[in-house]
Amino acid sequence: MNIKEIKELIEVVSQHGITDLEVERSGVKVRIRKEGQPVVVSSGGPAQTTYAFPTGYPPATAPAATGISTVPVAPNEDEGLLHVRSPIVGTFYRSPNPDAEPFVKAGDTVEPGRVLCIIEAMKLMNEIEAEVSGEVVKIYVENGEPVEFGQALFGIRLSKKP
């Protein structure tokens with residue numbers, strides 16, 4: 001099960017008023033609880049590992065899809081922006097290596113599938129891609145900073161449809 005599939009499950013839970021969902025596929029078990037309950041992900045096998053993601057953030061700052069936010073965003077500054085949030089805990093990198101140009105800068109136009117950044121978690125480099133078309137207006141995290149699950153990384157102003 002990959003991050004995209006987990007995001008889709010979170011959207012289903014949010015859209016259909018489900019309060020508790022548990023799915024197991026290929027030895028990976030994902031359990032999602034809504035409204036202040038922890039989201040638990042565990043992998044099967046002899047040694048079972050469980051990760052509990054933090055919840056209980058103030059409702060005023062929680063995004064609709066997940067109910068989780070770690071960075072309060074001033075409503076006037078960011079009105080009309082879509083916030084790209086971290087799907088995992090890790091270290092944020094703006095470029096593929098220290099000598100390379102950043103994947104994106106404020107003012108860049110992005111399309112779905114364009115790499116925005118990398119988040120390193122447990123020595124694995126996870127590319128975070130844009131899922132929408134628009135302009136990168138804000139970058140909330142500095143290169144090399146640790147990020148939390150659900151933390152706002154980028155603010156994107158969606159492109160107008162013709």
Side-chain angles (χ1 to χ4, degrees), residues 1-15 28 30-41 49 51-161:
M1 187 167 286
N2 61 36
I3 295 296
K4 185 176 180 178
E5 292 171 318
I6 293 171
K7 281 182 181 180
E8 289 172 0
L9 288 174
I10 291 170
E11 286 180 30
V12 167
V13 167
S14 179
Q15 291 174 355
V28 175
V30 176
R31 184 173 186 179
I32 302 169
R33 284 191 179 167
K34 191 174 175 182
E35 307 209 349
Q37 301 300 318
V39 177
V40 179
V41 179
T49 307
Y51 304 93
F53 296 107
T55 61
Y57 295 100
T61 62
T66 63
I68 298 172
S69 175
T70 59
V71 176
V73 179
N76 293 343
E77 270 181 37
D78 296 339
E79 192 173 313
L81 297 183
L82 172 81
H83 294 108
V84 176
R85 297 187 180 276
S86 177
I88 55 177
V89 174
T91 304
F92 174 88
Y93 294 107
R94 291 189 59 198
S95 60
N97 65 60
D99 299 327
E101 288 292 315
F103 291 109
V104 295
K105 299 180 221 81
D108 285 357
T109 301
V110 295
E111 297 292 327
R114 179 164 175 191
V115 176
L116 300 172
C117 66
I118 292 175
I119 297 181
E120 177 187 6
M122 298 175 56
K123 305 286 185 202
L124 295 174
M125 301 299 179
N126 301 280
E127 291 183 340
I128 308 304
E129 297 178 349
E131 295 181 2
V132 297
S133 297
E135 176 189 358
V136 176
V137 176
K138 294 202 175 207
I139 302 172
Y140 297 106
V141 185
E142 294 297 323
N143 195 48
E145 281 188 359
V147 294
E148 297 293 326
F149 173 78
Q151 180 175 348
L153 304 173
F154 299 91
I156 296 179
R157 180 166 293 116
L158 299 178
S159 298
K160 302 276 190 241
K161 293 182 181 178

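For this chain, numbers begin at 1 and follow the sequence in order.
- Looking only at side-chain heavy atoms (C-beta outward), Val137 and Ile156 stay at 4.5 Å or farther from each other.
- Taking both residues in full, the closest heavy atoms of Ser133 and Pro112 are given as OG-CD, 3.2 Å, listed atom of the first, atom of the second, then distance.
- In this structure, the separation between OG1 on Thr91 and CE on Met122 is 12.5 Å, given to the nearest 0.5 Å.
- Tyr140 pairs with exactly one of Gln151, Glu145, His83, Arg85 by the side chain to side chain donor-acceptor pair (under 3.5 Å) rule, that one being His83.
- Checked by atom type and distance alone, the side chain of Asp108 never pairs as donor or acceptor with a backbone atom of Val136 at under 3.5 Å.
- With sequence neighbours left out, the side chain to side chain contact (heavy atoms under 4.5 Å, CB included) criterion links Ala121 to Ile88, Asn126.
- For Glu120 against Lys123, the heavy-atom pair with the smallest separation is OE2-CA, 3.8 Å.
- Here the side chains of Val89 and Val147 are not in contact, with every heavy-atom distance at 4.5 Å or above.
- Residues Leu116 and Val110 meet the side-chain proximity criterion, which asks for heavy atoms closer than 4.5 Å.
- In this structure, the side chains of Ile119 and Ser86 come closer than 4.5 Å at one or more pairs of heavy atoms.
- Residue Phe92 holds its CZ atom at 8.5 Å from CD of Glu142, rounded to the nearest 0.5 Å.
- Summarising the geometry of Ile118 relative to Glu127, their closest heavy-atom pair is CG1-CG, 4.3 Å, with the distance given to 0.1 Å.
- Residues Arg94 and Cys117 have side chains not in contact (no heavy-atom distance under 4.5 Å, counting atoms from C-beta outward).
- The side-chain hydrogen bond (donor to acceptor under 3.5 Å, both in side chains) test applied to Glu131 returns Lys7, not counting sequence neighbours.
- Using a 4.5 Å cut-off on side-chain heavy atoms (C-beta onward), Phe103 and Pro96 make contact.
- Glu135 meets the side-chain hydrogen bond (donor to acceptor under 3.5 Å, both in side chains) test with no other residue; sequence neighbours excluded.
- Here Ile128 contributes atom CD1 and Phe154 contributes atom CZ; the two are 9.0 Å apart, rounded to the nearest 0.5 Å.
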